[in-house]
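To keep things clear, I will list the structure first and then write my remarks on it.
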Amino acid sequence: MTKSSCSRTKLYRLTPEGTNCGLSESLVSYLTRLSAAHSVHPITLLKAIAQSTITKDYLLNDIKNGAGRFFQRAKTLNGVGELTLDIINKLSNLTSVDNLERLSLLPWREAIVNKYLFKPSKAWCSQCFSEWKNSKSVLYEPLIWSLKDAVLCPVHMRELTVKCPNPNCTHPISQISATAIIGYCPSCHIFLGSPTKKESKVPLSDWDVWATRTLFNLIALTSSGVHLTVGRNSVKNSFQHLLLLNGGNVTAFAKEINLHRSVVWQYCNGKFLPPLNTILNICFKKEISFIHFLTGNTAHITVTENNSGYFPEYSHKLQQKKISNNIVSIQKKIQMLMNINPPLGLTEVARRLNISSKTIKRHFPNLSEEIKTRFQKYRAIKKQENFARTCNDIKQSVFEITETNAVPYQARVEKYLNRPGILRRPTYNAVWRNAIEELYLDV
Ligand SMILES: [Zn+2]
Ligand SMILES: [Zn+2]
């Protein structure tokens, strides 16, 4: 940052990261990096901006009373509220950077509400952080990581991390905090990146993959400034249209989309906007394009007969046609993927082929069974190996601690292994006790 660029504006003209794609930076991340560029804590910058912007009494009171409540409200800063609008207007003035509203979901404020929109604490992809650090790229937090329904990294298709990986810390990290530094835990200060892809505990679900991709597309549109008309009645029109397609029976429609009829009635009348999760769920279930629903583009909202949705880009029939025409080549690809070691789960095979796991099950039932069996066997072996390794580590640590003339107490062994709480599990506790007994008997 040169002095000249600073002299024309009150704050550095910091360029947002990841623009024009679904990995666009979030407003919270931008504020955090901007404060670091000015060598102040995010709280100092945010307070200064907020105090000179906000005229609402309750917000000023929050700030005066230690800012805790203010941070509570600021959790939705990446969203569509007035606080976001105020801060973006002020920031645009101070930095002279255009289009800062694209770091939030503000361009969709007529169709999206803050309610249930964000995760309760930060989530991040440790592989993204690691790769950016290794390539000396700027560390930042994409807007998509903060959204509640995006639980995967859209680049690596791995689950986002939600707790500090340091076994002595393991704290969740607030969406916005007084002393945040991008890519580091504010409690223990360790780097949050990790190059290795951990095996997910549970296979990725179709819903998780679909929701992440859909939100990635939404943010890509927002970030590239593609002008879509979102009117005050867009979502209401979509609801009304969908109700008509379902025969106009509110009770039946409500039952089908798993909502109370009075709630559906209010959405159809435009009294309230539904949380984003509700719209996503309806679109997933009914195979409707999420963007068309959000923009009230009713000409494109049709209901398919089969409700097991997956890709919003294709209608169910189109996807079926695509599969039927390529059945032999898809089978070959599946068989190739089955040769990979360690074996892949069905969801990962489906993800790599860009089709749903349900489709694989339907068209290739034998192969899908084989994939499932191999993957389950592999995971069972892995689990057994991990168990054996941990038992061995416990015995070894008891021995090594005793060698230094110290007593291998439970807490001392856990600290030695860097695995707090591990000996609270009955099986490992028994291994620890046996190791001590054996050692004692040997003496
Ligand atoms: Zn990633
Ligand atoms: Zn930590």
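Since the structure is predicted, the reported quantities are computational estimates derived from the model, not experimental observations. Both ligands and their constituent atoms are indexed starting at 1 by order of listing.
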Are any non-hydrogen side-chain atoms of [X] and [Y] less than 4.5 angstrom apart?
{"X": "Val431", "Y": "Thr390", "answer": "no"}
{"X": "Pro107", "Y": "Glu101", "answer": "yes"}
{"X": "Lys75", "Y": "Phe118", "answer": "no"}
{"X": "Asn429", "Y": "Gln410", "answer": "yes"}

(request) Keeping waters out of it, list the protein N, O or S atoms under 2.8 Å from the Zn ion (ligand 2). (result)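 Near the Zn ion (ligand 2), the protein supplies Cys164 SG, Cys169 SG, Cys185 SG, Cys188 SG.
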(request) Answer with yes or no after comparing the ring centroid distance for Phe290 and Trp108 against a 6.0 Å cut-off, counting only values under it. (result)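 That pair fails the under 6.0 Å test.
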(request) Around the Zn ion (ligand 1), list the protein N/O/S atoms within a radius below 2.8 Å, excluding water molecules. (result)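 Only Cys125 SG, Cys128 SG, Cys153 SG, His156 ND1 fall inside 2.8 Å of the Zn ion (ligand 1).
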(message) Heavy-atom count check: over 12 atoms from other residues, nucleotides or ligands less than 6.0 Å from Arg412 CZ?
(response)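 More than 12 within 6.0 Å, yes.
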(message) Salt bridge check, Arg424 against Glu414: does any charged N sit closer than 4.0 Å to a carboxylate O?
(response)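 Looking at Glu414 and Arg424, the cut-off is not met.
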(message) Tell me which one of Trp132, Trp124, Phe129 satisfies ring pair (Phe, Tyr, Trp, His ring centres under 6.0 Å) with Tyr140.
(response)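 Among Trp132, Trp124, Phe129, the one meeting ring pair (Phe, Tyr, Trp, His ring centres under 6.0 Å) with Tyr140 is Trp132.
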(message) Quick one: does any side-chain atom of Asn281 pair with a main-chain N or O of Asn277 as donor and acceptor, under 3.5 Å?
(response)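 Here the side-chain-to-backbone pair exists.
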